[in-house]
Structure formats: C-alpha cells, structure tokens
Amino acid sequence: MKKYILFLLVGGLLSSCVASRFLEDDIVIQHGTKVFNANYEKLMNSISSVLETEGYDIANVNMDKGTINTKQKMVGATGNGAGYAVGLYRQYNVKVTKISEDNYKVILQPRVFQGNLDISDRKVWVIDGEAGEIALWQSLFKKIKENL
C-alpha cells in the first residue's frame, strides 16, 4: 500500500512538472517569433526545407502572402474513452512578414489535432522543458538560420 501511495505522489509530481497549458498569443510572440536578416526567397526555402527535414510534408507555400503550411504529422495517440486510440497530429502555419530591407519576421504557429478535431485552443500544450514548445521553436529557428 505504501508503494502504491508513493507511486501516486511521484506520478502526480511528475505530471505537474509537465502540466498542459493554453498556448497564449504572448508565448507565440515571445518565443515563436524571430526576425531574420536574409533574402526573402532563401528564407522561405530554408523554412520549408527545415520543416521537411523535421518530418512535416509541406501542404502549400504562398510566396506572395509569405505563408507556409504543413500537412499534419502524427506525433502520438490517445484513448478516446470508448476503448480505441485516436491519433494526435501537429502541423505548422508559418507567416513571414517584411519589416525592412532583408529583415523578415517569422511566426511559427503550431497546431494540434486529435483525429480530425483541432484542439489547439485547448489546455493541451507543454510549453517548458526539453520537449516543450519553447525548445521546439529554438531548435527550428536555429536550423533555419544555419540553413540560410
């Protein structure tokens, strides 16, 4: 019985360390946005290339609007309460905006889906930690810069 209680306490502490949160706009602005000093076409190609390297198929690129959208990539599964698993998917919607000559603001907006249901506006995001959104953004931005 003591082992069971200890297991529940440890499990509760671990789950609280990676508690899910809402992905608020200020988090995206602070961590999911970066300014690059680069040629626009090279920047768009670098972003697409890095996302493809990370396993995201590109759904569309609109050079005129400065958008790149990926297809959904399966990242896991969850139970639906009815006895079978539902796939969890991620995708990125990227917006590139000109600030000044050869300076562009890049916003990497992640989306999460449970099956076909977009759950991005729910409390499902892990923001901090090694596998959190901040670390993912940092890694993607670093690779985009290296790829320019």
Side-chain angles (χ1 to χ4, degrees), residues 8 10-148:
L8 289 176
V10 172
L13 289 173
L14 289 175
S15 65
S16 69
C17 292
V18 291
S20 297
R21 296 172 40 192
F22 292 105
L23 184 61
E24 297 168 356
D25 290 341
D26 63 325
I27 295 171
V28 176
I29 291 167
Q30 185 176 359
H31 301 285
T33 304
K34 185 165 180 65
V35 174
F36 288 90
N37 183 335
N39 172 277
Y40 177 73
E41 202 168 306
K42 286 183 181 179
L43 178 59
M44 292 288 284
N45 290 333
S46 177
I47 296 166
S48 295
S49 176
V50 166
L51 290 171
E52 286 177 321
T53 300
E54 294 296 312
Y56 293 92
D57 292 330
I58 303 300
N60 60 60
V61 175
N62 187 321
M63 296 295 278
D64 295 333
K65 292 184 178 180
T67 59
I68 301 169
N69 298 309
T70 69
K71 294 181 182 178
Q72 295 175 8
K73 170 184 165 182
M74 187 171 204
V75 293
T78 186
N80 71 347
Y84 62 92
V86 176
L88 293 175
Y89 304 88
R90 282 180 66 92
Q91 80 176 72
Y92 279 98
N93 297 329
V94 181
K95 179 68 178 159
V96 179
T97 308
K98 184 174 185 170
I99 296 175
S100 62
E101 191 63 36
D102 287 336
N103 284 303
Y104 296 91
K105 177 173 69 171
V106 176
I107 303 172
L108 296 176
Q109 179 69 55
R111 308 292 301 170
V112 176
F113 297 82
Q114 184 175 24
N116 292 326
L117 180 63
D118 186 345
I119 59 171
S120 302
D121 62 347
R122 296 186 186 173
K123 193 174 178 181
V124 296
W125 298 94
V126 176
I127 306 300
D128 301 306
E130 289 181 26
E133 290 307 310
I134 293 172
L136 292 173
W137 279 316
Q138 289 172 344
S139 175
L140 287 171
F141 285 136
K142 179 180 177 188
K143 290 174 184 176
I144 291 166
K145 185 176 180 179
E146 290 171 352
N147 203 32
L148 287 173

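Owing to the predicted nature of the structure, the values given are computational and were not obtained by experimental measurement.
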Here the side chain to side chain donor-acceptor pair (under 3.5 Å) pairs for residues 65-74, sequence neighbours left out, are N60-N69
Separation of L108 CG from L136 CG (nearest 0.5 Å): 10.5 Å
Show your reasoning for whether side chain to side chain contact (heavy atoms under 4.5 Å, CB included) applies to V94 and L51. CA-CA 10 Å; V94 181; L51 290 171; 4.0 Å; yes
Rounded to the nearest 0.5 Å, how far does OG1 of T97 lie from OH of Y104? 10.5 Å
With a sphere of 6.0 Å drawn around CG of D26, does it hold more than 12 non-hydrogen atoms of other residues, nucleotides or ligands? yes
To the nearest 0.5 Å, what is the distance between CZ on F36 and CG on N103? 11.5 Å
A135 versus G129, closest heavy-atom pair with distance: CB-O, 3.5 Å
Working to the nearest 0.5 angstrom, can you tell me the gap between D121 CG and R111 CZ? 7.0 Å
So if I apply the side-chain contact (heavy atoms from CB on, under 4.5 Å) rule between I68 and each of N62, N45, I47, which one comes out positive? I47
Heavy-atom donor-acceptor pair, S46 side chain to K42 backbone, under 3.5 Å: no
What are the two closest non-hydrogen atoms of P110 and L23, and how far apart are they? CG-CD2, 3.7 Å
Step by step, work out the side chain to side chain contact (heavy atoms under 4.5 Å, CB included) result for K143 and T53. CA-CA 10 Å; K143 290 174 184 176; T53 300; over 6 Å; no
To the nearest 0.5 Å, how far apart are NZ in K95 and CD in Q109? 13.0 Å
W125 side chain to S120 main-chain N or O, any donor-acceptor pair under 3.5 Å? yes
Tell me the side chain to side chain donor-acceptor pair (under 3.5 Å) pairs involving residues 30-41, sequence neighbours left out? none
Could you tell me the separation between the CG atom of L43 and the OG atom of S48, rounded to the nearest 0.5 Å? 9.5 Å
Smallest heavy-atom separation, D118 atom then V112 atom, equals OD1-O, 3.3 Å
L117 side chain near V86 side chain, heavy-atom distance below 4.5 Å: no
Quick one, E133 and I27 - any side-chain contact, counting heavy atoms below 4.5 Å? no
